[in-house]
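Okay, so here's the structure we're looking at.
In this chain, numbering begins with 1 at the start of the sequence shown. Because the structure is predicted, anything quoted here is derived from the model rather than measured.
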Amino acid sequence: MQGLRVDLIEPGRLICSLKVPTRLLNSGNFLHGGATATLVDMVGSAVIYTVGAPVTGVSVEINISYLDAAFADEEIEIEARVLRVGKAVGVVSVEFRKKETGKIIAQGRHTKYLAVPSWRTRLITGLYIGVNLFDILSVIKT
């Protein structure tokens with residue numbers, strides 16, 4: 001997503017920031033719930049890579065509690081944490097905060113099915129495990 005910046009990457013944790021652009025506002029002139037859900041999906045999926053998973057799988061459930069509004073040009077921080085990544089399922093939490101005050105805007109939980117790969121997929125994916133994490137996460141910046 002254009003404008004999304006990666007601020008911190010560590011095992012099981014990813015922090016990004018975003019200056020809310022007008023294109024992501026709803027009719028009430030604050031961050032659209034659909035844009036928030038998309039960011040939960042994107043940043044929540046990306047944090048799964050930080051624990052060594054070769055794939056991020058497919059969404060099984062996304063749950064979001066909207067607690068406050070973020071307005072145009074407001075700087076927000078998005079923190080994703082891995083709650084659990086097992087053989088078949090990964091669960092992450094994603095929290096949105098106003099950067100200036102730390103006030104929570106939204107909290108999301110994302111559950112993903114991490115497809116058990118076939119021998120062909122394991123062989124092909126094995127070729128990509130050495131890819132730099134920054135290269136993988138740079139995809140979410142575009």
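The structure places OG1 of T111 at 8.5 Å from CG of L83, a figure rounded to the nearest 0.5 Å. For the atom pair CD (E74) and CG (L18), the distance works out to 11.0 Å, reported to the nearest 0.5 Å.
Contact annotation: the side chain of T36 never approaches that of I105 to less than 4.5 Å [non-hydrogen atoms, C-beta and beyond]. The shortest side-chain heavy-atom distance between M42 and I78 does not fall under the 4.5 Å cut-off. In this structure the side chain of I15 reaches within 4.5 angstrom of the side chain of E79, judged on heavy atoms. Side-chain contact between L67 and F96 is absent, with no heavy-atom pair separated by less than 4.5 Å. Between K87 and L114, the closest side-chain pair of non-hydrogen atoms is not below 4.5 Å. Under the 4.5 Å side-chain criterion, counting only non-hydrogen atoms from C-beta, L24 is not in contact with T38. At least one side-chain heavy atom of T56 sits less than 4.5 Å from a side-chain heavy atom of Y49. In this structure, L39 and V94 have side chains that are not in contact, with every pair of non-hydrogen atoms separated by 4.5 Å or more.
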Are D68 and F30 close enough, and set up right, to give a side chain to side chain contact (heavy atoms under 4.5 Å, CB included), and what steps lead you there?
CA-CA 10 Å; D68 200 2; F30 54 88; over 6 Å; no

Assess the residue pair R81 and S93 against the criterion (side chain to side chain donor-acceptor pair (under 3.5 Å)); give the C-alpha distance rounded to whole Å, side-chain angles, the decisive distance to 0.1 Å, and a yes or no.
CA-CA 5 Å; R81 290 183 177 268; S93 68; 5.9 Å; no

Would you sort out whether V47 and H110 count as a side chain to side chain contact (heavy atoms under 4.5 Å, CB included), showing the intermediate values?
CA-CA 11 Å; V47 75; H110 193 186; over 6 Å; no

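A salt bridge (Lys or Arg N to Asp or Glu O under 4.0 Å) check over residues 32-54, counting only residues at least two apart or in different chains, returns nothing.
Screening E75, E77, Q107 against R97 for a side chain to side chain donor-acceptor pair (under 3.5 Å) leaves a single residue, E77.
Linking Ile, Leu, Val, Met, Phe, Trp and Tyr whenever their side-chain heavy atoms come within less than 4.5 Å puts I62 and I48 in one cluster. One hydrophobic cluster holds both L14 and V51 under the rule that ILVMFWY side chains link at heavy-atom gaps under 4.5 Å. By the rule that hydrophobic residues join a cluster once side-chain heavy atoms approach within less than 4.5 Å of another member, L4 and I76 end up as members of one cluster. No path of Ile, Leu, Val, Met, Phe, Trp and Tyr side chains, each step under 4.5 Å between heavy atoms, connects V43 with L8, placing them in separate hydrophobic clusters.
Taking a 6.0 Å sphere around CD of E100, one finds it holds 12 or fewer heavy atoms contributed by other residues, nucleotides or ligands. The local environment of CZ in R109 is sparse, with at most 12 non-hydrogen atoms from other residues, nucleotides or ligands closer than 6.0 Å.
For T22, the side chain to side chain contact (heavy atoms under 4.5 Å, CB included) criterion is met by L25, A72, not counting sequence neighbours.
Panel note: side chain K98, backbone K103; no donor-acceptor pair is recorded below 3.5 Å.
Heavy-atom minimum distance, Y113 versus A88: CD1-O, 3.2 Å. Looking at every heavy atom in both residues, A70 comes nearest to V20 through CB-CG2, 4.1 Å. Scanning both residues, K112 and S45, for their nearest heavy atoms gives NZ-OG, 2.7 Å.
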